[in-house]
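One structure is given here, and the rest of the page talks about it.
Labels below follow one simple rule: chain letters A, B, ... track the order of the sequence lines, proteins then strands, and each chain is numbered from 1.
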2 protein chains.
Amino acid sequence: MTEAAPLDRRRRRRQETIEEVLDVAAEVMADQGVAGLTLGEVARRMGIRPPSLYGYFDGKNALYDALFERGWRELLAVMQAARAACAGTDLAADLLALETVFVRWAVEHPAFAPLMFWRPVPGFAPSPAAYAPAVELERLSRAFLAELRDGGLLAPDVDLDLVHRTQTAVISGVISQQLANAPEEPFETGAFTSTLPDVVAMWLAHHAGARNRPSD
Amino acid sequence: MTEAAPLDRRRRRRQETIEEVLDVAAEVMADQGVAGLTLGEVARRMGIRPPSLYGYFDGKNALYDALFERGWRELLAVMQAARAACAGTDLAADLLALETVFVRWAVEHPAFAPLMFWRPVPGFAPSPAAYAPAVELERLSRAFLAELRDGGLLAPDVDLDLVHRTQTAVISGVISQQLANAPEEPFETGAFTSTLPDVVAMWLAHHAGARNRPSD
DNA sequence: GTCTATACATCGATAGAC
DNA sequence: GTCTATCGATGTATAGAC
């Protein structure tokens, strides 16, 4: 009682501080860009000195790694919730809804998205642990593609690997163009995010089985 | 004779030095990433001191600006040459050929592409002059879209603005995914660049007029 | 254990000598 | 046109107070 409890409190407090560092670091990235993150600015906003941060993160790249993992973990949670909320009666509508959630999260988190989808930080490569939620989300995405195939929306003999690559390409294209050319536009009226229904429809039609083509 | 000639030589030599700075800066970006460019490294590789660079470029952002313009100017020249080489007898083949040239240049210039298509440098925004070749290339691209429409490959009442946005989105998506996930893969066998025929076909089919749909 | 204080190297940038 | 000298800011790391 006199030993375990304080240790837990100490650990919890340490974890809270770690979360605060990540919160502030995300704010700095939002203001200065991903590559504009500096430990000094994080420490300044927290009211501490830069060396104190080394008690929680082993340098700047470790902080990037934690931010990379947090971003993918949040996006994974959002996508899992959206997947669970799918009605299942209209797979095409579910597909567009899921892609909408994905793109919306990306453009509404412009501080995280470049770190997660591009490689803006020289010398930083995410660790396998930080990659884990991204891998899990890819597994989820591939499972939904199989559902689309089994539901008759994709051709029965479709190459799921090719389909997955074209899907990530067109979706990441919408995100990249919106973030690079008009990051201030909201999702609803964005010049590129507003093309998402078109893009999803063209992707689906291209990989559709014969029974779903307009001519049938 | 004793005045004009030396002045020309001086100007020419100065221009040669400027080009050398850009060459070396491009090498540094290729090695260290776009954000990893430093004036010290450029000066070191040129055998001069960092302050000497200020005689040619007004700071680091001006160097980025010149690199941004040079990249778009090169890409514009490549695209103009490809456009002139088009046979014109098969517009769909010409389209794929042009997009192939575009994507190939991007993935084969990984040092320039992020600077041109993303925003990896905090605090840097390209000047209107540096944007000029990019604007010219967009004009060229829109003109070709009108040709596709007049040639019957796109619907007669197609929204050229929307078509242009979806086109840039899907093409930049292929480039972004290839550069971010497998930058070392060559264009021919890249996991994402190899989907380019699929992506171009799905884009074209989506915006095609009725006479070009498979059912006709 | 956590923090402050401090030192060190490197970066972009400017001023002024030659 | 190039250099030295120098500045402020930054990332990294160590020493030592509490």
Side-chain angles (χ1 to χ4, degrees), chain A residues 2-22 24-25 27-29 31-68 115 120-125, chain B residues 3 6-22 24-25 27-29 31-68 115 120-125 127:
Chain A
T2 54
E3 287 175 351
L7 275 175
D8 280 0
R9 257 219 318 256
R10 213 173 291 179
R11 266 226 304 259
R12 190 163 48 235
R13 171 152 181 76
R14 176 180 170 78
Q15 192 57 39
E16 284 173 5
T17 305
I18 288 178
E19 295 299 325
E20 185 189 350
V21 173
L22 291 176
V24 174
E27 290 174 16
V28 175
M29 285 199 302
D31 292 345
Q32 316 284 344
V34 172
L37 177 66
T38 67
L39 298 183
E41 183 61 25
V42 174
R44 192 172 308 121
R45 297 192 188 195
M46 289 182 67
I48 62 174
R49 299 290 171 177
S52 304
L53 293 171
Y54 282 80
Y56 306 99
F57 293 98
D58 193 17
K60 193 183 182 183
N61 278 355
L63 182 55
Y64 274 126
D65 206 54
L67 289 165
F68 182 93
L115 177 65
V121 183
F124 165 67
Chain B
E3 287 175 351
L7 275 176
D8 281 359
R9 257 220 315 257
R10 212 174 292 180
R11 267 225 305 259
R12 189 163 48 237
R13 171 152 180 77
R14 175 180 170 79
Q15 192 58 37
E16 284 172 5
T17 305
I18 288 178
E19 295 299 325
E20 185 188 352
V21 173
L22 291 176
V24 174
E27 290 173 16
V28 174
M29 286 199 301
D31 292 344
Q32 315 284 345
V34 172
L37 177 67
T38 66
L39 298 182
E41 183 61 25
V42 173
R44 195 172 306 121
R45 297 191 187 195
M46 289 182 67
I48 62 174
R49 298 292 170 178
S52 304
L53 292 172
Y54 283 81
Y56 305 98
F57 292 97
D58 193 17
K60 194 184 181 183
N61 279 354
L63 182 55
Y64 274 127
D65 206 54
L67 289 165
F68 182 94
L115 178 65
V121 184
F124 165 67
S127 65

**Report entry** Heavy-atom closest contact (B/Lys60 atom, B/Ala35 atom, distance)
**Finding:** NZ-O, 4.5 Å
Report summary line: B/Asp65 atom CG is separated from C/dG12 atom C1', nearest whole Å, by 17 Å
Query raised in the report: Rounding to a whole Å, what distance do you find between B/Leu63:CG and C/dC11:P?
Result: 15 Å
Query raised in the report: When you check the gap from the basic side-chain N to the acidic O, do B/Arg45 and B/Glu41 get nearer than 4.0 Å?
Result: yes
Is there any protein nitrogen or oxygen under 3.5 Å from a nitrogen or oxygen in nucleotides 1-4 of chain D, and what are the pairs?
from	atom 1	to	atom 2	distance (Å)
D/dT2	OP1	B/Tyr56	OH	3.3
D/dT2	OP2	B/Tyr56	OH	2.5
D/dC3	OP2	B/Arg49	N	3.1
D/dC3	OP2	B/Ser52	OG	2.6

Requested in this report: Would you name the heavy atoms of A/Ser52 and A/Ile48 that are closest together and state the gap between them?
Outcome: CB-CD1, 4.0 Å
Query raised in the report: Out of A/Val34, A/Val24, A/Val42, which one pairs with A/Met29 under the side chain to side chain contact (heavy atoms under 4.5 Å, CB included) rule?
Result: A/Val34
Query - Separation of C/dG12 C1' from B/Phe57 CZ (nearest whole Å) - result: 16 Å
Requested in this report: Would you please name every residue forming a ring-ring contact (aromatic ring centres under 6.0 Å, His included) with A/Phe124, sequence neighbours left out?
Outcome: A/Tyr64
**Report entry** Validation row: B/Leu22, B/Phe57 side chains within 4.5 angstrom (heavy atoms)
**Finding:** yes
Query raised in the report: Atom CG of A/Leu53 to atom P of D/dA13: distance rounded to whole Å?
Result: 14 Å
Query raised in the report: Can you tell if the side chain of A/Leu67 reaches within under 4.5 Å of the side chain of A/Leu37, non-hydrogen atoms only?
Result: yes
What nitrogen or oxygen pairs link the protein and nucleotides 8-11 of chain D at under 3.5 Å?
from	atom 1	to	atom 2	distance (Å)
D/dT10	OP2	A/Arg44	NH2	3.2
D/dG11	OP1	A/Leu39	N	3.3
D/dG11	OP2	A/Leu39	N	3.1
D/dG11	OP2	A/Gly40	N	3.2

Query - Nearest non-hydrogen partners of B/Ser127 and B/Asp65, listed with the distance - result: OG-OD2, 2.6 Å
